[in-house]
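Working notes for the structure below.
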Amino acid sequence: MSLIVQKFGGSSVANAELLRNVGEIVTGTYEQGNDVVVVVSAQGDTTDDLIAKAKEVNPNASKREMDMLLSAGEQISASLLAMTIEKMGYPVISLLGWQAGFSTSSTYGSARIKSVNPDRIRNELDKRNIVVVTGFQGTNKFDDMTTLGRGGSDTSAVAIAAAMHADLCQIYTDVEGVFTADPRKVPSAKKLDVISYDEMLELATLGAQVLNNRSVEMAKKYGIELEVLSSLTKKRGTIVKEETQMEKMLISGVAKDNDVARISVIGVPDKPGLAFKVFSKLAAKKINVDIILQSIGRNNTKDISFTVSEGMLEDTIAILDPYVEVIGAEKVVYDKDVSKVSIVGAGMETHPGVAAEMFEALFEAGINIHMISTSEIKVSVLISQEEADNAVTAIHNKFFHE
Ligand code: ASP
Ligand code: MG
């Protein structure tokens, strides 16, 4: 007998018919003699709808009350799924985050899971119950409801799998797995059978929104094998796990991130310490900087360019605009209409020429590169946003031609 954790995203539990479909998957797994713990997200757009309702009454509601509200979304789907399974004739019980033993940090809206005490879940499983747990929530040291941040249910599922040493953690969603590119944009994109944690982490950060980042980090930390699969087709999904030497793929995927803005500080005096001054100023305000490029000094000045997420642009400009004078630079300029396009693959570590091949694809498509950054398993380029889809297709064709 195995212990299997199955997580269902909001689109998989959106209405009665879909709940019934999930009920069939869950009870099918149970029928095979497994212990089954189910983690659910809020139905469909419930979380967005609740946020909209809150804005109606108070646009500046406290985060504590927001968590009180948003955690209700998962309570609805958990109880409805339990009722559905009950109706199908199986023993089942739904549990809220705190009942399932989730203790979190006190940061409302983006709490971190501190521990999961699975005693109650274990108890219910011993009674041969199917256990349905609300994702995305826990309680903090004040016994208040907390939520884990958008998309947090994936992390709830992995946390239970880790705490209970589950044999498998399945993440059911509305796509069939992890693809080599966004299949809605690139029809020739292929589903991957397996991908490593590190590649998945890069792809997740790069805007391939299949799995929440923190859930992958946690799965890697505790060695939990994940399977990402569709709740609607009965096909096998993509396994996310530690890579083995044999599996190292040259390129596992091409991803695009539109949520990027480029900022340049122009005419910075060409002397030591200025990059330090600029970036420590930003770090102090917790602004995350991604690609950085510094030009070679000319006429005793240089330009420093970098990227931030679009949401951080305003804050960044507000910090740097008055600072320009202090450090004797000329001005700050920015561009929001840029995208980051990246290739990810564990195999490129040992394989020269991958970056060159990517640049060749962009050259052949007539696409200009503004900035480049690389890591062991990733090459990213910053290009103009309107060319991003073309770039993904061109690069994908280059690496995944038939
Ligand atoms: N319902 C929450 C959200 O949107 C958590 C989740 O779905 O994972 O974001
Ligand atoms: Mg999600």
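These figures come from a predicted structure and were not determined experimentally.
A distance of 5.5 Å separates CG of N21 from CG of L232, quoted to the nearest 0.5 Å. Annotation: the span from D167 atom CG to E225 atom CD amounts to 10.5 Å, rounded to 0.5 Å. Once rounded to the nearest 0.5 Å, the distance linking OG of S12 with CD1 of I25 reads 7.5 Å. Atom CE of M66 and atom NZ of K55 lie 7.0 Å apart (nearest 0.5 Å). Remark: I4 CD1 to C169 SG distance equals 10.5 Å, nearest 0.5 Å.
In this structure the side chain of L320 reaches within 4.5 angstrom of the side chain of V278, judged on heavy atoms. Proximity of R64 to M145: side-chain heavy atoms (C-beta onward) are nowhere separated by under 4.5 Å. Contact check for V381 versus H370: no side-chain heavy atoms found under the 4.5 Å cut-off. Here the side chains of V131 and L125 are in contact, with some heavy-atom distance below 4.5 Å. Under the 4.5 Å side-chain criterion, counting only non-hydrogen atoms from C-beta, L3 is not in contact with N34. For the pair V194/T238, no side-chain contact is recorded, criterion being any heavy-atom separation below 4.5 Å from C-beta on. Between F102 and T146, the closest side-chain pair of non-hydrogen atoms is not below 4.5 Å. Looking only at side-chain heavy atoms (C-beta outward), E349 and I377 come within less than 4.5 Å of each other.
If you run side chain to side chain contact (heavy atoms under 4.5 Å, CB included) between I171 and each of N212, V5, L211, V240, only L211 comes through. Each of K378, R262, K340 was compared with D290 under the salt bridge (charged side-chain N to carboxylate O under 4.0 Å, His left out) criterion, and only K340 meets it.
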Check your understanding: What's the verdict on side chain to side chain donor-acceptor pair (under 3.5 Å) for E199 and S196, showing C-alpha distance, side-chain angles and the deciding distance?
Key -> CA-CA 5 Å; E199 290 169 307; S196 69; 2.9 Å; yes

Point to revise | Check against salt bridge (Lys or Arg N to Asp or Glu O under 4.0 Å), D315 and K285 | key: CA-CA 9 Å; D315 286 358; K285 292 281 192 282; over 6 Å; no

Point to revise | side chain to side chain donor-acceptor pair (under 3.5 Å) evaluation trace for T301 with D270 | key: CA-CA 5 Å; T301 67; D270 192 16; over 6 Å; no

**Study point:** Working for side chain to side chain contact (heavy atoms under 4.5 Å, CB included), residues V178 and L203
**Key:** CA-CA 9 Å; V178 182; L203 287 175; 4.3 Å; yes

Exercise for review: Test side chain to side chain donor-acceptor pair (under 3.5 Å) on S309 and D259 and set out the steps.
Suggested key: CA-CA 5 Å; S309 68; D259 181 21; 4.6 Å; no

Review point. Where do N140 and T104 land on the side chain to side chain donor-acceptor pair (under 3.5 Å) test, with the steps shown first?
Key: CA-CA 5 Å; N140 62 15; T104 72; 5.7 Å; no

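No side-chain N or O of T29 forms a donor-acceptor pair with one of Q32 less than 3.5 Å apart. The closest side-chain donor-acceptor pair between Q137 and T134 falls under 3.5 angstrom. A donor-acceptor contact closer than 3.5 angstrom is absent between the side chains of S264 and D303. S342 and S380 are linked by a side-chain donor-acceptor pair at a separation below 3.5 angstrom, with hydrogens and angles left out of the test. In this model, no donor atom of one side chain and acceptor atom of the other lie less than 3.5 Å apart for S79 and S94.
E217 has no carboxylate O lying under 4.0 Å from a charged side-chain N of K221, or vice versa, which leaves the two without a salt bridge. Salt-bridge formation is detected for the pair D154/K7: a Lys NZ or Arg NE/NH1/NH2 atom is positioned less than 4.0 Å from an Asp or Glu carboxylate oxygen. Under the 4.0 Å criterion applied to side-chain N and carboxylate O atoms, K235 and E176 are assigned as salt-bridge partners. Between K398 and E360, at least one side-chain N (NZ, or NE/NH1/NH2) sits under 4.0 Å from a carboxylate O, which counts as a salt bridge. Using a cutoff of 4.0 Å between basic side-chain nitrogens and carboxylate oxygens, D198 and K220 are scored as salt-bridged. One finds a salt bridge joining E124 and K127 here, because a Lys/Arg side-chain nitrogen approaches an Asp/Glu carboxylate oxygen to under 4.0 Å.
For residues 26-61, the set of pairs meeting the ring-ring contact (aromatic ring centres under 6.0 Å, His included) definition, not counting sequence neighbours, comprises Y30-Y90. Sorted by first and then second residue, the pairs that involve residues 148-173 and meet ring-ring contact (aromatic ring centres under 6.0 Å, His included), not counting sequence neighbours, are F8-Y172.
Across V13 and S41, no two heavy atoms sit closer than the pair CG2-O, 3.7 Å. Among all heavy-atom pairs drawn from I251 and F400, the shortest one is O-CZ, 3.4 Å. Across V379 and A355, no two heavy atoms sit closer than the pair CG2-CB, 4.1 Å. Counting all heavy atoms, side chain and backbone alike, N213 lies closest to A204 at OD1-CB, 3.2 Å. For the residue pair A346 and E243, the shortest heavy atom distance occurs at CB-OE2, 3.4 Å. Heavy-atom minimum distance, A100 versus V116: O-CG1, 3.8 Å.
Surrounding NZ of K63 are at most 12 heavy atoms belonging to other residues, nucleotides or ligands under 6.0 Å away. The environment of M164 atom CE is dense: over 12 non-hydrogen atoms of other residues, nucleotides or ligands sit within 6.0 angstrom. Heavy-atom contacts from other residues, nucleotides or ligands closer than 6.0 Å to CZ of R128 number more than 12. Heavy-atom contacts from other residues, nucleotides or ligands closer than 6.0 Å to CG of N288 number 12 or fewer.
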In residues 322-330, what donor-acceptor pairs under 3.5 Å come from side-chain atoms, sequence neighbours left out?
none

